Participant: 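This is the structure I have questions about; it appears just below.
Start at 1 and go down the list; that is how both ligands and their atoms are numbered. Counting from 1, the numbers follow the sequence of the chain as shown. In this text, all values refer to a predicted model and were calculated from it rather than measured experimentally.
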Amino acid sequence: MPKVLLTGGSGFIAAHIVDILLQHGFDTVVTVRSDEKGQKILESHPNLPKEKLSYVIVKDVAEDGAFDEAVKSNPPFDYVLHTASPFHFNVQDPVKDFLDPAIKGTTGILKAIKAYAPTVKRVVVTSSFASIVNSDQHPPVYSEEHWNPVTWEQALDHSKVYRASKTFAEKAAWDFVEKEKPNFDIATINPPLVFGPIVNYLNSLDAINTSNKRFRDFVQGNLKDETPSTDTFLWVDVRDVALAHVKAIEVAEAGGKRFFVTNGFFSNNDIADAIRESHPKLESKLPPKNAPSNPPSYAYGYDNTRSREVLGISYLPLKKTVADTVESLLAVGA
Ligand code: NDP
């Protein structure tokens with residue numbers, strides 16, 4: 001069976017990638033920062049033989065040589081999926097907290113594969129719409145041809161550093177392949193806000209991943225008095241993002257391409273209304289119907305043709321995503 005190394009195994013998106021890798025028959029090794037996190041992943045997939053699912057520890061992707069041991073395996077790896085990168089808004093030190101792990105993590109794994117894992121044929125890097133968007137001057141229609149023009153100086157601004165970290169990391173990956181001409185090719189998956197069912201080994205609702213926080217807040221009644229403005233208007237379901245990663249290794253023509261994976265626009269009011277419809281019992285926790293909430297003014301369009309045509313993604317609708325996400329939160333006591 002083809003064998004895959006998946007970095008950042010404890011993450012929200014990675015948890016769904018593991019499910020799809022296993023469904024598609026891949027042998028999977030995830031990297032995690034501790035035994036505790038690795039054990040939780042194994043416990044959530046009971047009765048699997050070790051060759052189907054196991055973990056290795058990579059404590060900090062920003063360290064020199066962090067992946068040198070992890071990429072060595074017997075039998076050796078065929079593919080690598082690199083999702084590990086910080087995604088939160090708690091910025092203390094922009095370089096240490098974001099830019100280093102994003103950029104050095106990406107170049108570090110590519111260097112390690114080139115040096116120690118010659119059987120790897122393709123590496124899929126989880127990038128982001130953050131690497132595409134130009135918030136100062138939106139193009140009429142966003143697609144894979146667009147790049148965030150952020151500079152290093154702007155990256156040090158705490159409000160811009162996450163998007164910059166994703167942009168510089170993705171650029172570094174493409175530069176690596178161009179300059180180093182390794183035996184593998186790469187593909188990147190570029191999602192906007194990713195929503196969907198939370199991982200079943202979430203430690204606490206405080207530890208919910210960044211992009212699902214608004215669902216927890218709706219369900220707990222924290223947004224009852226005011227629907228927050230919708231700052232990023234594009235979204236995608238996590239199961240579609242996970243499938244895109246796996247398709248990007250299965251489909252030969254995916255090599256050398258970026259994939260902008262999105263199901264289009266949403267607003268926070270759309271989410272509240274969808275919760276109202278799927279979970280009427282939560283009505284008292286929700287803001288009133290038609291509550292004022294900066295309605296999004298869609299200043300740009302999006303083109304997801306490549307993801308549909310090359311990877312075969314047919315996107316899940318917002319109502320299903322909302323219903324399933326709320327259900328997953330209620331199941332852990334939200
Ligand atoms: P999570 O926070 O759930 O996952 C991030 C993962 O990266 C975790 O496994 C985390 O480990 C790991 N990680 C972070 N920093 C380090 C480090 N220094 N060393 C080792 N591991 C590290 O977020 P998501 O699943 O949402 O994000 C996964 C990827 O998807 C990221 O690259 C993110 O930028 C990208 N993305 C996410 C979007 C979204 O809306 N969710 C949108 C677009 C892109 P630990 O849990 O131990 O800290």
Side-chain angles (χ1 to χ4, degrees), residues 5-19 30-41 55-67 70 81-91 93 95-106 108-109 124-133 148 161-170 172-173 188-204 206-215 231-242 244-245 258-263 266 321 325:
L5 178 68
L6 169 67
T7 72
S10 56
F12 163 57
I13 294 175
H16 290 270
I17 296 178
V18 169
D19 288 344
V30 297
T31 74
V32 285
R33 301 221 236 192
S34 66
D35 274 312
E36 195 197 344
K37 291 184 180 183
Q39 285 304 335
K40 281 197 172 153
I41 295 171
Y55 70 87
V56 288
I57 295 196
V58 174
K59 280 207 163 70
D60 182 0
V61 297
E63 277 174 13
D64 284 344
F67 288 107
L81 306 181
H82 179 53
T83 78
S85 204
F87 180 27
H88 56 79
F89 295 110
N90 176 24
V91 190
D93 177 335
V95 175
K96 205 163 143 285
D97 297 344
F98 283 89
L99 295 163
D100 274 356
I103 303 166
K104 290 186 180 172
T106 303
I109 196 159
V124 178
V125 176
T126 315
S127 188
S128 174
F129 179 57
S131 309
I132 292 179
V133 70
N148 182 339
V161 67
Y162 169 69
R163 284 180 169 183
S165 76
K166 298 304 290 179
T167 307
F168 292 131
E170 192 192 328
T188 67
I189 305 297
N190 296 63
L193 269 176
V194 182
F195 300 146
I198 56 160
V199 299
N200 54 4
Y201 40 84
L202 185 76
N203 285 323
S204 82
D206 293 337
I208 192 167
N209 69 287
T210 303
S211 54
N212 269 336
K213 282 198 164 94
R214 74 190 68 205
F215 286 86
D231 297 325
T232 303
F233 308 133
L234 289 169
W235 77 284
V236 62
D237 188 290
V238 66
R239 292 160 289 191
D240 292 329
V241 176
H245 282 77
R258 309 173 88 196
F259 292 95
F260 179 25
V261 288
T262 180
N263 193 19
F266 80 101
T321 305
T325 308

Participant: Hey, are His82 and Thr126 close enough side-chain-wise for a donor-acceptor pair under 3.5 Å?
Facilitator: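 Not at all, the side chains of Thr126 and His82 share no donor-acceptor pair under 3.5 Å.
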
Participant: Suppose we measure from atom 19 (N) of ligand 1 to each protein heavy atom; which comes out shortest, and what is that distance?
Facilitator: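 Checking every protein heavy atom, the shortest distance to atom 19 (N) of ligand 1 gives Val61 N, 3.0 Å.
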
Participant: What protein heavy atom sits nearest atom 3 (O) of ligand 1, and how far off is it?
Facilitator: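 The protein heavy atom lying closest is Phe12 N, 2.9 Å.
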
Participant: Taking only heavy atoms of Leu193 into account, list the atoms of ligand 1 that are under 4.0 Å away from them.
Facilitator: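 In order of numbering, the contacting atoms are 40 (O).
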
Participant: Do the side chains of Ile132 and Asn148 get nearer than 4.5 Å, heavy atoms only?
Facilitator: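 SC-SC contact between Asn148 and Ile132 ruled out.
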
Participant: Measuring from atom CD of Glu36 to atom CD1 of Ile57, what distance do you get when rounded to the nearest 0.5 angstrom?
Facilitator: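 So the CD of Glu36 and the CD1 of Ile57 are separated by 10.5 Å.
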
Participant: Do Arg258 and Glu170 sit within salt-bridge range, that is, some charged N less than 4.0 Å from a carboxylate O?
Facilitator: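 Counted as a salt bridge, because a side-chain N and a carboxylate O are separated by less than 4.0 Å.
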
Participant: Regarding atom 6 (C) of ligand 1: of the candidates Gly105, Pro86, Ser85, which has the closest heavy atom?
Facilitator: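 Nearest option to atom 6 (C) of ligand 1, by heavy atoms: Ser85.
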
Participant: For ligand 1, which atoms have a heavy atom of Ser211 less than 4.0 angstrom away?
Facilitator: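 In order of numbering, the contacting atoms are 39 (C), 40 (O), 41 (N).
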
Participant: Regarding atom 25 (O) of ligand 1: of the candidates Ile189, Ile13, Val199, which has the closest heavy atom?
Facilitator: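 Among Ile189, Ile13, Val199, the closest heavy atom to atom 25 (O) of ligand 1 comes from Ile13.
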
Participant: Is any side-chain heavy atom of Thr262 closer than 4.5 Å to a side-chain heavy atom of Pro191?
Facilitator: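 The answer is no; the side chains never approach within 4.5 Å.
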
Participant: Could you list the atoms of ligand 1 found under 4.0 angstrom from a heavy atom of Lys166?
Facilitator: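 It comes down to these atoms of ligand 1: 31 (C), 32 (O), 33 (C), 34 (O).
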
Participant: Give yes if a backbone or side-chain nitrogen or oxygen of Pro191 is under 3.5 Å from a nitrogen or oxygen of ligand 1, and no if not.
Facilitator: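 By distance alone, the answer is no.
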
Participant: Could you check if a side-chain atom of Asp35 sits within less than 4.5 angstrom of a side-chain atom of Tyr55, using non-hydrogen atoms only?
Facilitator: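 They are in side-chain contact.
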
Participant: Classify the contact between Lys59 and ligand 1 as side chain, backbone, both or neither, using a heavy-atom distance cut-off of under 4.0 Å.
Facilitator: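 Lys59 to ligand 1: backbone contact only, side chain stays beyond 4.0 Å.
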
Participant: Return yes or no for this condition: an N or O of Ala62 is under 3.5 Å from an N or O of ligand 1.
Facilitator: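 Between Ala62 and ligand 1, no N or O pair is found under 3.5 Å apart.
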
Participant: For ligand 1, which atoms sit closer than 4.0 Å to a heavy atom of Ala84?
Facilitator: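 Close to Ala84: 7 (O).
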
Participant: Anything under 30° is parallel, anything over 60° is perpendicular, the rest tilted; go ahead and classify Phe195 against Trp235.
Facilitator: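 Plane angle under 30°, so parallel.
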
Participant: Please state which protein non-hydrogen atom is closest to atom 35 (C) of ligand 1 and give its distance, to 0.1 Å?
Facilitator: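 Protein heavy atom at minimum distance: Thr126 CG2, 3.8 Å.
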
Participant: Under 4.0 Å, heavy atoms only, figure out whether ligand 1 is touched by the backbone of Phe195, its side chain, both or neither.
Facilitator: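 Within the 4.0 Å criterion, Phe195 makes no contact with ligand 1.
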
Participant: Does some side-chain heavy atom of Lys166 sit less than 4.5 Å from a side-chain heavy atom of Ser85?
Facilitator: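 The answer is yes; the side chains approach within 4.5 Å.
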
Participant: Can you find an N or O of Gly11 that's nearer than 3.5 Å to an N or O of ligand 1?
Facilitator: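 For ligand 1, there is an N or O atom that lies under 3.5 Å from one belonging to Gly11.
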
Participant: Can you confirm, on distance only, whether ligand 1 has an N/O atom lying under 3.5 Å from any N/O atom belonging to Asn209?
Facilitator: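 No, since none of the N or O atoms of Asn209 sits under 3.5 Å from an N or O of ligand 1.
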
Participant: A side-chain contact here means heavy atoms from C-beta on lying under 4.5 Å apart; do Thr31 and Leu6 qualify?
Facilitator: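 A side-chain contact is absent here, since even the closest heavy-atom pair is not under 4.5 Å.
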
Participant: Could you find the nearest protein heavy atom to atom 34 (O) of ligand 1 and give me its residue, atom name and distance?
Facilitator: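 For this ligand atom, the closest protein heavy atom is Tyr162 OH, 2.7 Å.
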
Participant: Taking 4.0 angstrom as the limit and counting only heavy atoms of Gly8, give me the atoms of ligand 1 inside it, by number and element.
Facilitator: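 Going through ligand 1 atom by atom, the ones under 4.0 Å from Gly8 are 9 (O).
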
Participant: Do any nitrogen or oxygen atoms of Ser128 lie less than 3.5 angstrom from nitrogen or oxygen atoms of ligand 1?
Facilitator: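 There is no such contact.
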
Participant: Got Val236 and Pro192 here, is their nearest side-chain heavy-atom distance under 4.5 Å?
Facilitator: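 With C-beta onward as the side chain, the pair touches.
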
Participant: So, do Thr7 and Val61 sit near enough that their side-chain heavy atoms are less than 4.5 Å apart?
Facilitator: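 Thr7 vs Val61: side chains apart.
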
Participant: Below 4.5 Å, heavy atoms only, C-beta onward: do Leu234 and Phe266 meet side chain to side chain?
Facilitator: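 Counting from C-beta outward, Leu234 and Phe266 never come under 4.5 Å.
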
Participant: Where do Phe98 and His88 land on the ring pair (Phe, Tyr, Trp, His ring centres under 6.0 Å) test, with the steps shown first?
Facilitator: CA-CA 9 Å; Phe98 283 89; His88 56 79; 4.7 Å; yes

Participant: Nearest heavy atom to atom 44 (C) of ligand 1: which of Ala169, Ala130, Pro192, Ser127 does it belong to?
Facilitator: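 Checking each option, the heavy atom nearest atom 44 (C) of ligand 1 is found in Ser127.
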
Participant: Quick one: nearest non-hydrogen protein atom to atom 40 (O) of ligand 1, plus distance?
Facilitator: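 Atom 40 (O) of ligand 1 sits closest to the protein heavy atom Val194 N, 2.9 Å.
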
Participant: Counting non-hydrogen protein atoms only, what is the nearest one to atom 17 (C) of ligand 1? Give residue, atom name and distance.
Facilitator: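 Checking every protein heavy atom, the shortest distance to atom 17 (C) of ligand 1 gives Arg33 NH1, 3.4 Å.
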
Participant: Is there any N or O on Pro101 that sits under 3.5 Å from an N or O of ligand 1?
Facilitator: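 No, no N or O pair falls under 3.5 Å.
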
Participant: With respect to Val261, which candidate in Asn190, Val194, Asp237, Ile189 satisfies the side chain to side chain contact (heavy atoms under 4.5 Å, CB included) definition?
Facilitator: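 The single option meeting the side chain to side chain contact (heavy atoms under 4.5 Å, CB included) with Val261 is Ile189.
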
Participant: Please work out which of Ala14, Ser131, Ser10 has its closest non-hydrogen atom nearest to atom 10 (C) of ligand 1.
Facilitator: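 Closest candidate by heavy-atom distance is Ser10.
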
Participant: Is it the case that ligand 1 has an N or O less than 3.5 angstrom from some N or O of Phe87?
Facilitator: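 It does not: no N or O of Phe87 is found under 3.5 Å from an N or O of ligand 1.
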
Participant: Under a 4.0 angstrom heavy-atom cut-off, which atoms of ligand 1 come close to Asp60?
Facilitator: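 Atoms satisfying the 4.0 Å criterion: 17 (C), 18 (N), 19 (N).
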
Participant: Assign the ring pair Phe260 / Phe129 to parallel, tilted or perpendicular, where the plane angle (0 to 90°) is split at 30° and 60°.
Facilitator: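 It falls in the parallel class, under 30°.
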
Participant: To check your reading of the model: name the closest protein heavy atom to atom 31 (C) of ligand 1, its residue, and the distance in Å.
Facilitator: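 So the nearest neighbour among protein heavy atoms is Thr83 O, 3.3 Å.
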
Participant: How far is atom 47 (O) of ligand 1 from the closest protein heavy atom, and which atom is that?
Facilitator: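 Scanning the protein heavy atoms, the shortest distance from atom 47 (O) of ligand 1 goes to Lys37 NZ, 2.6 Å.
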
Participant: Thr83 and Ile17: side-chain contact (heavy atoms from CB on, under 4.5 Å), yes or no, with the steps?
Facilitator: CA-CA 10 Å; Thr83 78; Ile17 296 178; 3.8 Å; yes

